[in-house]
Amino acid sequence: MKTNQFAAVAALIFGLAGSGVHAQQSETHLLNFQNADIRSLITTVADITGRNIVIDPAVSGQITVISSEELTADSVYDVFLSILAVHGYSAIDDGAVTRIVPDAAARFGSGVANGTGGGQDQVTRLIPLEHVRAAEVLPMLRSLVPQSAYLAAHETSNSLLVSDRAAGVRRLQAVIERLDAASDNGAEVLGLSHADAEEVAEIANQIYSGAEQPLAIPDARTNSIVLRGDTAQRVRLRTLISHLDTPMTEGGGSRVVYLRYANAQSLVPVLESLVDEVGEGQRQRVRINAHEETNSIVISAPPAVYREIRSIIDQLDIRRAQVLVEAIIAEVAADTGMDLGIQWQFFESGDSGFFGGTNFQTGGRNILNLSAGLASGEDGATVLPGGGLNLGYVDGTTNLLGIELLEIGALAQALATDGNTNVLSTPSIVTMDNHPASINVGQEVPFLSGSFVAEGVSTAEGQVNPFQTIQREEVGLKLRVTPHINEGDTIMLAIEQEVSSLAPIAGAVDLITNKRTISTRVMVPDGSMLVLGGLISDDLSESVERVPGLSRIPLFGELFTYRSTSQVKRNLMVFIRPRILHDQKLMDDLTAGKYRTIRGSQLEQRAGRSVLSRREETPLLPELEDFLQTGQGASEPDGR
């Protein structure tokens, strides 16, 4: 006993010095270390246990060990492992060598073990699961392992991979065994014979609203309900549904289906065609009517027929996408013409006698019918109305040696026309998928279609008043389009485009319209631009009227010649760009951009007005933000 007391005192002295060990010649040992280097403890344990220990360079630190009773060599090693665990180190047995490494590196050197092993041994274990998914319990188990441990789920084998000290792995495995227990939760399908699956499921879920998830899930295609939950819950649900799934009275019942997007009147013929092939006796009990005011459909039919009709309604009553179609129509045209010539007429004096001369029709005027438009001047001179340069003269008589011979009339005409047009139109229109839309911007222009004189109708001066018939035609821009959205946001467009305008042409007796039409079907990706068609033409027309023989005389022959030239050049291109309006934000952005463009044009017009005008009375749209907040459709005169 004295020997033991001496050993304890010696160990205490060595501990105060930094490290100490008292080893008896017997098999028991007493450990006492105060603020000693951990490597000293490792060296002492190697001497006591006879193990070959390799120390990782990262292992360092100070330790304190206080023991009050002697320990065997095996107990010393167990205490040693506990000391390492407290300081974040592990001992890995590798054959005849034991390696001391940090915990972070210990799991890479530990083997996969399914046996027990020491409590402080670093082990890696693969724990299979049978009743629950490994990925579902993984978040729950992470909080039960230290930061140095490794825990992961292996989906293929439905297992958990754990790397930790043996004691921690055993504790975690006990928790997993309790979680991986067979449950009576399940699912079953219950078919309905009379009631509607969606309505019954809604009632059942309202009654059991305290459940975390809906216990009754309807399947409209098979008119059945999927029940889930434990056995007791499913039994209660089956009992409830069996009471609800009862047949209705003979002749069926009437139900109202409110539509959200489709039109009730257009949908009724489609639904009626579905029941045309039903048996004659049952067909008489099916009635489908549309209620226009509420956009709803009233159905009176047996349950089986009603479920079929309701399924079709649900598939047809869907929200359709909207499409913005923007077009650019650019046309440049130049029409030029020139008329140049002289006409002559000779008359013998008196009521009858010789006459002759030239009469050309190309210029639109001839000397013989000028009386309808002549305004007599002084001394027999005549003033000719109309465009271009027209010079005419009519002399009563021509005297030669005092003898009256012939009356002479002459008309010289020079006319040049030049009509240039540069049309740039950018129409745009918004419509729903598969719905036609049209826009028409233009004027109705009157055209003289005919005239007649009624017998016995005359003015106060005795002149006859003819009647004229007028036909009005639309001149301007017409766009008709029907979009069809296909898979992949590709849009098929059925387009009818017409552009018409007035154009002056030399020699015309009435208005002339230029008309361009396109009727086609095209496929355009969403947001892309496509040229629909173009027209490039250059027409040149020249005509010459002349008197044979006399017109061939040099210089003098021009008095018996009439020339007319007309040239028309056109260049027309039509571009189209469709855009699918997927969401409300895109529609709001496009609308705001167009709104601000119009308001900017109004501001520019107000700024460019004369100082004499009253600028404050110029119409001006309100700010878009103010308009959306107040909801007012008009602004104050100052635009605020």
Side-chain angles (χ1 to χ4, degrees), residues 321-333 419-432 435-446 472-481 483 493 495-504 513-514 516 526-529 531-532 571-640:
Q322 298 188 97
V323 180
L324 169 65
V325 180
E326 298 175 303
I328 298 178
I329 305 169
E331 179 182 9
V332 177
N420 296 322
T421 59
N422 185 358
V423 180
L424 179 62
S425 302
T426 57
S428 62
I429 191 170
V430 177
T431 182
M432 289 192 299
H435 187 80
S438 61
I439 185 172
N440 187 355
V441 180
Q443 295 176 326
E444 287 191 349
V445 179
R472 294 183 177 272
E473 294 184 6
E474 294 182 350
V475 176
L477 173 66
K478 297 179 182 179
L479 173 63
R480 182 178 177 86
V481 60
L493 298 173
I495 301 173
E496 295 180 4
Q497 178 81 55
E498 178 181 322
V499 180
S500 56
S501 60
L502 297 177
T513 59
N514 296 324
R516 318 284 186 266
D526 180 23
S528 300
M529 180 179 288
V531 58
L532 295 183
N571 191 343
L572 171 68
M573 288 292 173
V574 179
F575 303 88
I576 203 79
R577 182 194 184 203
R579 297 185 63 184
I580 301 176
L581 305 180
H582 293 281
D583 49 35
Q584 187 63 38
K585 182 179 184 303
L586 180 57
M587 290 188 285
D588 293 342
D589 293 342
L590 290 173
T591 303
K594 299 289 186 182
Y595 188 92
R596 293 190 176 96
T597 300
I598 294 298
R599 191 174 190 276
S601 300
Q602 291 179 339
L603 290 174
E604 292 180 0
Q605 186 181 32
R606 174 178 286 193
R609 290 178 64 89
S610 172
V611 294
L612 300 178
S613 62
R614 302 179 63 180
R615 299 187 180 184
E616 65 276 3
E617 295 182 356
T618 304
L620 180 64
L621 291 174
E623 289 284 354
L624 180 60
E625 291 75 11
D626 298 339
F627 176 77
L628 295 177
Q629 290 177 0
T630 60
Q632 297 177 355
S635 62
E636 297 295 332
D638 58 357
R640 292 179 295 179

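Count residues from 1 along the sequence.
Separation of atoms CG (Leu586) and CD (Gln322) is listed at 10.5 Å; rounding is to 0.5 Å. Distance check, rounded to the nearest 0.5 Å: CG of Leu479 to CD1 of Ile495 gives 7.5 Å. Here CD of Glu623 is found 8.0 Å from CZ of Arg596. Values are rounded to the nearest 0.5 Å. Note: Gln605 CD to Leu620 CG = 10.0 Å, rounded to the nearest 0.5 Å. One finds the OG atom of Ser500 at 6.5 Å from the NZ atom of Lys478 (value rounded to the nearest 0.5 Å). Taking CD of Gln584 as the reference point, atom CG of Asp589 lies at 10.0 Å (rounded to 0.5 Å).
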Taking it one step at a time, do Gln497 and Leu477 satisfy side chain to side chain contact (heavy atoms under 4.5 Å, CB included)? CA-CA 8 Å; Gln497 178 81 55; Leu477 173 66; 3.1 Å; yes
Does Glu498 form a salt bridge (Lys or Arg N to Asp or Glu O under 4.0 Å) with Arg480? I'd like the steps, not just the answer. CA-CA 9 Å; Glu498 178 181 322; Arg480 182 178 177 86; over 6 Å; no
Run Glu473 and Val445 through side chain to side chain contact (heavy atoms under 4.5 Å, CB included) and show every step you take. CA-CA 5 Å; Glu473 294 184 6; Val445 179; 5.8 Å; no
Pair Leu493, Ile576 - check side chain to side chain contact (heavy atoms under 4.5 Å, CB included), show working. CA-CA 10 Å; Leu493 298 173; Ile576 203 79; 4.2 Å; yes
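The minimum heavy-atom distance between Leu621 and Tyr595, with the atom names listed, is CB-OH, 3.7 Å. Shortest non-hydrogen contact noted between Asp526 and Ile580 is OD1-N, 2.9 Å. In this structure, Ala437 and Ile429 approach most closely via the heavy-atom pair CB-CD1, 3.5 Å. Considering every non-hydrogen atom in both Ser528 and Pro578, the closest pair reads O-CD, 3.5 Å.
A salt bridge does not link Arg599 with Glu625: none of the charged nitrogens is closer than 4.0 Å to a carboxylate oxygen.
Taking 4.5 Å as the limit, some side-chain heavy atom of Ile328 sits within range of a side-chain heavy atom of Met529. Between Leu590 and Leu581 the shortest side-chain heavy-atom distance falls below 4.5 Å.
The closest donor-acceptor contact from the side chain of Ser425 to the backbone of Ile329 lies at 3.5 Å or more, if one exists at all.
Counting heavy-atom neighbours within 6.0 Å of Gln602 CD, excluding the residue itself, gives a total above 12.
Here Glu326 pairs with Leu324, Ser428, Arg577, Arg579, Lys594 under the side-chain contact (heavy atoms from CB on, under 4.5 Å) rule; sequence neighbours left out.
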